[in-house]
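Scroll down for the structure; my scribbles are underneath it.
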Amino acid sequence: MLNIFLSKEEIYVPDVVGLSEVRAMAILDSIGLKNNIEYISYSEESTPFSVFSLHPRPYSKINKNRSVELVVYSDKEEIEVSDYVGLTVKEARKRIKSDRLLLDEIDLFYYYDDSDSPNIISRQYPNVGDKVLEGANISLWICSGKPPNEYVVPTVIGLTLNEAIKKIKISGFLIGEILYLEKDDFLENTVYEISHLSSNGYNIEVLEGMKYTVPIRLNITVTKYGE
């Protein structure tokens, strides 16, 4: 028995964290280590089917032919889109997050209408029952009430891009181009200016509080730090 114990060959566990499942298994197999795999949920920060961790830990000294436990990220799952029509945006955000889908400010579309209920989602894309991959974006349409007699440019200078997009859309205006300006003395990703494209093709500054009879398309200039 003593001779058998002394003859056991010991090796160090290689570091395969971050490698693909196939590559990690090949490395372990090449040095005589068996492996068992446990899958965990998909992560946006990591590559699907890459190794998250292993046990025993890398560089541990173990007997050859022992099994190593690999924990591996799964790929995105296919999600069936829920029904968000009839909800408020706040309610929809919670449900969309629970469904492992995404909703960005750019995906919210506000409009005016006499017949639709205000502040309630009236339409969505993808549609109910459609199959999408986990992490896909959902677009929602929300009625802001009856059409106004005039459209007033909201106060957005100094806000973040997402905050500005939300206020501009709620005010009934359309979102144009997102432009970037190097400005080291301003906070990054801050709205520096809003403008619209004239019929002559020139970008004309739009002042906050200006009134329009139609909802024009507004371009947003956002600051960024220089290289």
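Note that the structure is predicted; figures quoted are calculated from it, not measured.
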(request) Measure the shortest side-chain to side-chain distance between Phe52 and Ser43 over non-hydrogen atoms and say whether it is less than 4.5 angstrom. (result) no
(message) My understanding is that only one of Val71, Val68, Val72 makes a side-chain contact (heavy atoms from CB on, under 4.5 Å) with Ile37; could you say which?
(response) Val72
(request) Apply ring-ring contact (aromatic ring centres under 6.0 Å, His included) to Phe109 and list each qualifying residue two or more places apart in sequence or on a separate chain. (result) Trp141
(request) Specify the closest pair of heavy atoms between Thr213 and Tyr151, including all atoms of both residues, with the distance to one decimal. (result) O-CE1, 3.6 Å
(request) Kindly work out whether a path of hydrophobic side-chain contacts (I/L/V/M/F/W/Y, heavy atoms less than 4.5 Å apart) joins Phe173 to Ile106. (result) yes
(request) Keeping the roles fixed (side chain from Lys169, backbone from Leu108), state whether a donor-acceptor pair exists under 3.5 Å. (result) yes
(request) Would you check if there is a donor-acceptor pair between the side chains of Glu45 and Tyr73 at a distance under 3.5 Å? (result) no
(message) Has Ser67 got a side-chain atom pairing as donor or acceptor with Lys34's backbone, closer than 3.5 angstrom?
(response) no
(message) Restricting to non-hydrogen atoms, name the atom on Val81 and the atom on Pro126 that form the minimum distance, rounded to 0.1 Å.
(response) CG1-O, 3.7 Å
(request) Mind jotting down which residue pairs meet the salt bridge (charged side-chain N to carboxylate O under 4.0 Å, His left out) criterion with at least one end in residues 67-88? Sequence neighbours excluded, please. (result) Glu77-Arg100
(request) Supply the atom-to-atom distance Thr190 OG1 to Lys224 NZ, rounded to the nearest 0.5 angstrom. (result) 14.5 Å
(request) Look at atom CG of Asn149 and say whether more than 12 heavy atoms of other residues, nucleotides or ligands are closer to it than 6.0 Å. (result) no
(message) Same cluster or not: Ile157 versus Val222, using hydrophobic residues (I, L, V, M, F, W, Y) connected whenever any side-chain heavy atoms lie under 4.5 Å apart?
(response) yes
(message) Please determine whether the number of non-hydrogen atoms from other residues, nucleotides or ligands lying under 6.0 Å from atom OH of Tyr42 exceeds 12.
(response) yes
(request) Keeping to residues at least two apart or across chains, list the salt bridge (charged side-chain N to carboxylate O under 4.0 Å, His left out) pairs with something in residues 185-200. (result) none
(request) To the nearest 0.5 Å, tell me how far Glu163 CD sits from Asn189 CG. (result) 9.5 Å
(message) Strictly by salt bridge (charged side-chain N to carboxylate O under 4.0 Å, His left out), give each pair with a member in residues 198-223 just once, sequence neighbours left out.
(response) Glu150-Lys211
(request) Determine yes or no for a side-chain-to-main-chain donor-acceptor pair under 3.5 angstrom, with Thr223 supplying the side chain and Leu187 the backbone. (result) yes
(message) Between Ser74 and Ile40 (side chain of the first, backbone of the second, donor and acceptor by atom type, cut-off under 3.5 Å), is there such a pair?
(response) yes
(request) Would you sort out whether Val16 and Leu70 count as a side-chain contact (heavy atoms from CB on, under 4.5 Å), showing the intermediate values? (result) CA-CA 9 Å; Val16 296; Leu70 287 176; 4.0 Å; yes
(request) Grab the two heavy atoms, one from Gly18 and one from Ser50, that are nearest each other, plus how far apart they are. (result) O-CB, 4.0 Å
(message) List the residues meeting salt bridge (charged side-chain N to carboxylate O under 4.0 Å, His left out) with Lys61, not counting sequence neighbours, and say none if there are none.
(response) Glu10
(request) Could you go through the side-chain contact (heavy atoms from CB on, under 4.5 Å) check for Leu140 and Ile96 one step at a time? (result) CA-CA 11 Å; Leu140 303 175; Ile96 288 170; 4.2 Å; yes
(request) Heavy atoms only: give me the nearest Tyr39-Glu21 pair and the separation to one decimal. (result) OH-OE2, 2.8 Å
(message) Looking at every non-hydrogen atom in both residues, tell me the closest pair between Gly172 and Pro215 and how far apart they are.
(response) O-CB, 2.9 Å
(request) Could you state whether Tyr192 and Leu159 fall into the same hydrophobic cluster, counting links through intermediate Ile, Leu, Val, Met, Phe, Trp or Tyr residues with side-chain heavy atoms under 4.5 angstrom apart? (result) no
(request) Check whether any side-chain heavy atom of Val191 lies under 4.5 Å from a side-chain heavy atom of Thr221, and answer yes or no. (result) no
(request) Report whether Ile168 and Met210 are members of the same hydrophobic cluster (ILVMFWY, side-chain heavy atoms less than 4.5 Å apart, transitive linking). (result) yes
(message) To the closest 0.5 Å, what do you measure between CD1 (Ile11) and CD1 (Ile62)?
(response) 5.5 Å
(message) Within this structure, what is the OG-CD1 distance for the pair Ser199 and Ile204, rounded to the nearest 0.5 Å?
(response) 7.5 Å
(request) Compare all side-chain heavy atoms of Pro14 with those of Leu28 and state whether any distance is below 4.5 angstrom. (result) yes
(message) Do Leu54 and Val17 have side chains that approach each other closer than 4.5 Å (heavy atoms only, starting at C-beta)?
(response) yes
(message) Could you tell me if the side chain of Ser41 sits less than 4.5 Å from the side chain of Glu134, heavy atoms only?
(response) no
(message) What's the separation between atom OG1 in Thr47 and atom CG in Leu19, rounded to the nearest 0.5 Å?
(response) 10.5 Å
(message) Given 3.5 Å as the limit, does a donor-acceptor pair link the side chain of Asn219 with the main chain of Glu177, or not?
(response) yes
(request) Decide whether Leu197 and Val214 are clustered together by the hydrophobic rule: side chain heavy atoms of Ile, Leu, Val, Met, Phe, Trp, Tyr closer than 4.5 Å, transitively. (result) no
(request) Give a yes or no on this: more than 12 heavy atoms of other residues, nucleotides or ligands lie within 6.0 Å of atom NZ of Lys166. (result) no
(request) List the steps and the verdict of side-chain contact (heavy atoms from CB on, under 4.5 Å) for Tyr111 and Ser144. (result) CA-CA 6 Å; Tyr111 65 94; Ser144 295; over 6 Å; no
(message) Let's go through Ile31 and Tyr12 carefully: what are the C-alpha distance in whole Å and the side-chain angles of both, what is the deciding distance for side-chain contact (heavy atoms from CB on, under 4.5 Å) to 0.1 Å, and is it a yes or a no?
(response) CA-CA 10 Å; Ile31 59 174; Tyr12 288 95; over 6 Å; no
(message) Going by salt bridge (charged side-chain N to carboxylate O under 4.0 Å, His left out), name the pairs with one or both residues in residues 101-127, residues two or more places apart or in two chains.
(response) Arg93-Glu105
(request) Quick one: pull up CG in Leu103 and CG in Asn137 and give me the separation to the nearest 0.5 Å. (result) 8.0 Å
